Every structure is written in structure tokens, then in C-alpha cells.
Participant: 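First the structure, which I've put down as C-alpha cells, then a few questions once you've had a look.
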Amino acid sequence: MDTSLSQMLILAAGVFSIGLLGALTRKSVIIVVMCIELMFNAVNINLVAFAFYSGLEAIRGQVFAIFIMVVSACEMGLAMAIAILMYRNKGTVEVNKANLMKW
Amino acid sequence: MSIDINYVFLAPELVVLVGGLMVLLFDLYFWRDKNVPLAVLTIATLLIAAGLTLWISGEEGTTAANMLIVDPMSIFFKMVILVSTILIVMLSINYIDQLKTVSLGEYYALILFASAGAMYMAATADLIMLYIALELTSLGSYILAGYRKFDPKSNEAILKYFLLGLIASAMMLYGFSFIYGFTGHTQLASISSSLTAPGSQVVSSVNFAMMAGVILALVAFYFKIAAVPFHQWVPDVYEGAPTPITAYLSVIPKAAAFAVMARLLYVGFPAFVDQWKILFIVLSIMTMFVGNLAALLQTNIKRLLGYSSIAHAGYIIMGFAVVSERALSGILVYVALNIFFNIGAFAIVTALSDSGNSDTLEDYNGLAKRSPFLALTMFIFLIALAGLPPTAGFWGKALIFWAAIEGGLWWLAVIGLINTVISIYYYINIARHMYIVEPAAAEDIKTPSMFRAVIWITVIGTVLFGVLPGAIIEISKTVVKGFGAL
């Protein structure tokens, strides 16, 4: 194995930050949700890396990653439903058009 | 190796989940007038679950491979969740009728699923289970917030709630991954023992990363209880969601999140007590001030109650800043009694918007002339929300402030008192609209019988526990003793 735990953690931190940055700056609901999915995947990298390199109760980390994948699939289903709902009622999926209510 | 599952301990949640599936099935069989049968089925399910919860209330233990825990704390929060869910289903019957929607089954089923998730949250002892339970509650409440599909405001509510909720839970998971990585465990008790074990490297050497993990892990719960840096969704979602669901969001996910925070902090991370004390002091001050000052400017009653619920979260967080038995029992009393006056206030908002009014403060002008019953009960709920003595709102606040003074944080209690005084202004402003300002329309407001029932129950609870708080305070003290973490 050439990679070390800290390399994996840096990769995960990078993916997480890119996801967070995208979620906060992009306009389209679909791309925001894709960026949030990146954040979830960064968590999965973290968990699997910790499980792989520590060996201590390692299976829990991998099981946790599988649970996160399943739940985020459900969340993506809901996200698409919301995007369709918004397109039907507003004709756009841009988050900055959701501005009926302020303050 | 076999996994040991005690089905008796799992029974209340299983009943609620099966009840939700049955509601979905029966939805297909009735063609018209299915609203009342479905609501009755929902309430029956919740009553059975409450009975089972009381039945196992004397016992203690774990089930499902140590993932769920049954102790006085989890029983207490499960009862709070079940009672408030029953009140909210009663509140929904007339409201849903007037929406003339076809998708009734989903509404009641989602309420049951979200409440089951909240019950699991109250009982969880493992990070994996905690995540699943949190998402069960969240997904249910996201959809319920956007239940009025063709109302643009409701769409906006679900969009904002969903995106921000996802980011919050991603941050929480990132924190969980560090906690798992540095301790090697996902069970709270094992995490705590590996942190405090003699010769443990975790607290001293990777202190910073572990602390970041703990802070990130709490983010999703700050989001649920609407503590200040994560409060932006509250006014918009409260305004856009259907009013019974607004009441739901202001009580049930919050109660569950407080249960989780108590368990995470006292069972999982007592090693970091000095650090999270400071965190909660700062959060509490910010939450109280932002909630109360922003509420002063509101003209929509649902937004106003939204900001006031942010402020309430601030008072409750103060209980976590003071680590003592009295503070924890104050939190329990506050969360439990909150269901009466909070749901009561939202019941009146629902009753008024149901009878053709909108939700602005002007619609409350001269309410005393149009419906003396609604005006008087609203006045009682407002006194309770402000936390003044003869009502239930007083006792939770009093216990937490008392604990703060005892714990040497008297200045925090003074800040809390200043905020209470600020909050009296905007609560009394609603009373001024109801009693002094002349109404624009003169006709009487008719209140359907279910609203009356909910308002009577909540007003009796508010006054009764306000005058005789002994029982609930005793129960909370026993629960805190049984929790045994302090």
C-alpha cells in the first residue's frame, strides 16, 4: 500500500470543502444537491479509510458508509421531487428565485 | 454470535411504524370521507404506543445489539413526542378537510414515520442508529413542510428546509467520521470510555481534531433546535409550512434533538465538558438575542412565533451551559411543558387562518370582540410563552435560571431575564391587537369542535402545570437520577 491514512483524510477534506463551496455558491437546485452529495461521499471516504487503517472494530465504519449511501439515495429522490415541484410552479430551478419570504 | 433483540423494548416504535403502513393501506380502501377514519386510526396507533411506552417505563436495558437504550430519559422523551403528536393529529383533522386534497394517507403516515424517527432519536446509543433516526425524522418533516404542493410559499419552505438540512447532516456525518476514527467506536458508551481511559492519547494528542469532530457532530442538532448560526430556515419554513406542521416542527424534532444532545454530551463526550460549556454559553446568548430582537420586527404571526421559538431554544441551551442535575431537569421540564403552550398558540393560529383570515397581526385586531374564547386562551398562551408565573412557561425557565445562578453563571441568568423582558413586549403587542385595536370585520369567528378540543386540552395543561408544577418537576428529577451521567 502506497497511500497513507493522512493522504486519504486530506482527499476527504478536499472533496468535502469543494462540496460545501459548491452548495453555497451554485444557483441550480440540481447542482447544489450534487455538491451536497460530494460532501456525503467525503464522509464515506473518511469512514472507510479509518476502518481500513485502524482495524479496530473496523466493520462499523464500512457499515456506516453503506447506510449513508442508502439514506442519501432516498434524499436524492426527494431532491428531484422538489426540483420538479419548483419547476412546475415557478418555471425555474434556480435557488435565488425562491425569494417570496425574507426576514 | 447472535444479536440479542428484546422486542418488548422495541414495541412502541414498531407499533408507530406499523400504524403508519396501515394508514397508507387504508388510504386505498376508503373512497370518500376518509379523513376522519384515517385520523382515528393514527390517534389509536399513537395511544397504543403511549400505553406500551408507559408499560415498559419501569425497566432499563438495551436492545438491538446495544443500538437502542431504554431508560427513564428515553421513556420521558418518547411520551413527550407521542402526546404532542396526538395533539397535532387532532389539530390537523379540520385543517386537512379544508385543503380538499386527495393525498390524505401520506399526511398521517408521514407524521407517524417522523414521530417514530424522533422516538428512535430519543433512545439511540449509537452513532449509526442516530443518523438513521435523524434522517427518518428529517425526511418526514421535509415532505410535510412542502405538503401544500401548489402553494409557492410551501414549495419555498420545503426547498430551504431540505437544502439546509442536508448540509447540516453532512457536517454532522463529517464530525461522526472523526469521532469514529479517533476512538474506533460508534457506541456512545465505548466512545466515552476510550476518551477517559487512563493513558488515552485521544484527549491530549489529537485534541484539536477530536474537538472539531464533536463540534461538527452537534451541527445537525443545532439546526433542528434552531440555535443561532443555523436558524435562518426557521421563519421561512414556519411561514410556508401548513400551520399544524409548523406546530409539529416547533415541538417534536426539537424535543428529539434535545434528547440526543443530552445523551451525546453527558454520555458520549463528558471528557470535553470544559470546551462545550463555553460553546453553549456563546450559543445561548446569541440565540436569545437574535430570536427576541428579530421577533420585535415581525408582522406575520407565524414568523413571530418562529423567532420566539428560536429564543426559547436559547433559554433551553443555557441549561447545557450549566452542567448540573438541576439544569438538566430544567431542560426536561421546559421541553415537556412547551408542548402545551406552543401547540396551543399554533392551534389558535390554525383556527383563525382556517376561518378565512390570513396570518398577519392585523387579522388579530379586535379578536376579543369576534371570539372571546380564542382571545382569552391566546392571551394565556402568550403569558406562558413569555414565561410569567401563573403558567407552565414559568417553571422550565425558572429551573434553568436557578441552575445558572447556582452554577456561578449568574450573569447568564441576568441576560436571560433581560431577554424575557424584551419578549414580553412582542407578546403583549399581540394581546394589544386582540383586545384594544378595533376589528375591521365584525362577524363572529366559528371554531370547529376539534380545534376547541385541542385548545381546551392545551389551556388546561398550561394552567394546571403552572399552578401545580410539583408532579412534573419530581418526574424530571427521577429521570435525571436514572440517567446517571452526572
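Values reported hereafter were calculated over all heavy atoms of this structure, with side chains retained and with hydrogens, waters and symmetry mates removed. The chains referred to below are lettered A, B, ... by the order of the sequence lines, with proteins before strands, and numbering in each begins at 1. Here the structure is a predicted model, which means the values were calculated and not measured.
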Participant: Any chance CZ of B/Phe289 has more than 12 other-residue heavy atoms, nucleotides or ligands included, within less than 6.0 Å?
Facilitator: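 Yes, the 6.0 Å shell around CZ holds more than 12 heavy atoms from other groups.
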Participant: Against chain A, label B/Ile132 side chain, backbone, both or neither, depending on which of its atoms sit under 4.5 Å from a heavy atom there.
Facilitator: side chain
Participant: Taking the six-membered ring for Trp, are B/Phe223 and B/Tyr161 parallel (under 30°), tilted (30 to 60°) or perpendicular (over 60°)?
Facilitator: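 Rings of B/Phe223 and B/Tyr161: parallel, as their planes differ by under 30°.
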Participant: Please state whether the side chain, the backbone, both or neither of B/Phe178 comes within less than 4.5 Å of a heavy atom of chain A.
Facilitator: both
Participant: Report the option among B/Gly175, B/Gly181, B/Ser138, B/Gly146 that has the most heavy-atom pairs separated by less than 4.5 Å from atoms of chain A.
Facilitator: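 Among the listed options, the one with the most contacts to chain A is B/Gly181.
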Participant: To the nearest 0.5 Å, what is the distance between CD1 on B/Ile158 and CZ on B/Phe162?
Facilitator: 7.5 Å
Participant: Is there a side chain to side chain contact (heavy atoms under 4.5 Å, CB included) between A/Tyr53 and A/Ser4? Walk through the geometry before answering.
Facilitator: CA-CA 8 Å; A/Tyr53 287 100; A/Ser4 69; 5.5 Å; no
Participant: So what's closer than 4.5 Å to chain A heavy atoms on B/Tyr174: side chain, backbone, both or neither?
Facilitator: both
Participant: Under 4.5 Å from any heavy atom of chain B, what part of A/Leu47 do you find: side chain, backbone, both or neither?
Facilitator: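 It is both, since atoms from each part get that close.
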Participant: Please determine, by modelled atom types, if B/Tyr426 and B/Asn292 share a side-chain donor-acceptor pair under 3.5 angstrom.
Facilitator: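 There is such a pair between these side chains.
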Participant: Taking all heavy atoms of B/Gly213 and all of B/Ile179, pick out the closest pair and write down the distance.
Facilitator: O-CD1, 4.0 Å
Participant: What part of A/Phe64 gets closer than 4.5 Å to chain B, counting heavy atoms only: side chain, backbone, both or neither?
Facilitator: both
Participant: Side chain, backbone, both or neither: which part of A/Ala65 has an atom under 4.5 Å from a heavy atom of chain B?
Facilitator: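 For A/Ala65, no heavy atom lies under 4.5 Å from chain B.
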Participant: For B/Phe150, which atoms come within 4.5 Å of any heavy atom of chain A: side chain, backbone, both, or neither?
Facilitator: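 For B/Phe150, the contact with chain A is made by backbone and side chain together.
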Participant: So for A/Leu5, is it side chain, backbone, both, or neither that comes closer than 4.5 Å to the heavy atoms of chain B?
Facilitator: neither
Participant: For A/Ala49, is it the side chain, the backbone, both or neither that has a heavy atom under 4.5 Å from a heavy atom of chain B?
Facilitator: neither
Participant: Who wins among B/Leu166, B/Leu139, B/Asp151 for the most heavy-atom pairs under 4.5 Å with chain A?
Facilitator: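 Top count of heavy-atom pairs under 4.5 Å with chain A: B/Leu166.
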Participant: Which heavy atom in B/Ile128 sits nearest to a heavy atom in A/Arg60, and how many Å separate them?
Facilitator: CD1-O, 3.9 Å
Participant: Determine the minimum heavy-atom distance between B/Tyr120 and B/Ala133, stating which atoms define it.
Facilitator: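 The answer is CB-CB, 3.6 Å.
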Participant: Looking at B/Arg303 and B/Glu239, does any basic side-chain N land under 4.0 Å from a carboxylate oxygen?
Facilitator: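 Judged by the 4.0 Å cut-off on N to carboxylate O distance, B/Arg303 and B/Glu239 do form a salt bridge.
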Participant: Please flag which part of B/Leu136 lies under 4.5 Å from any non-hydrogen atom of chain A: side chain, backbone, both or neither.
Facilitator: neither
Participant: Side chain from CB out, backbone as N, CA, C, O: work out which of these in B/Asn300 comes under 4.5 Å of a heavy atom of chain A, or both, or neither.
Facilitator: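 Interface part for B/Asn300: neither.
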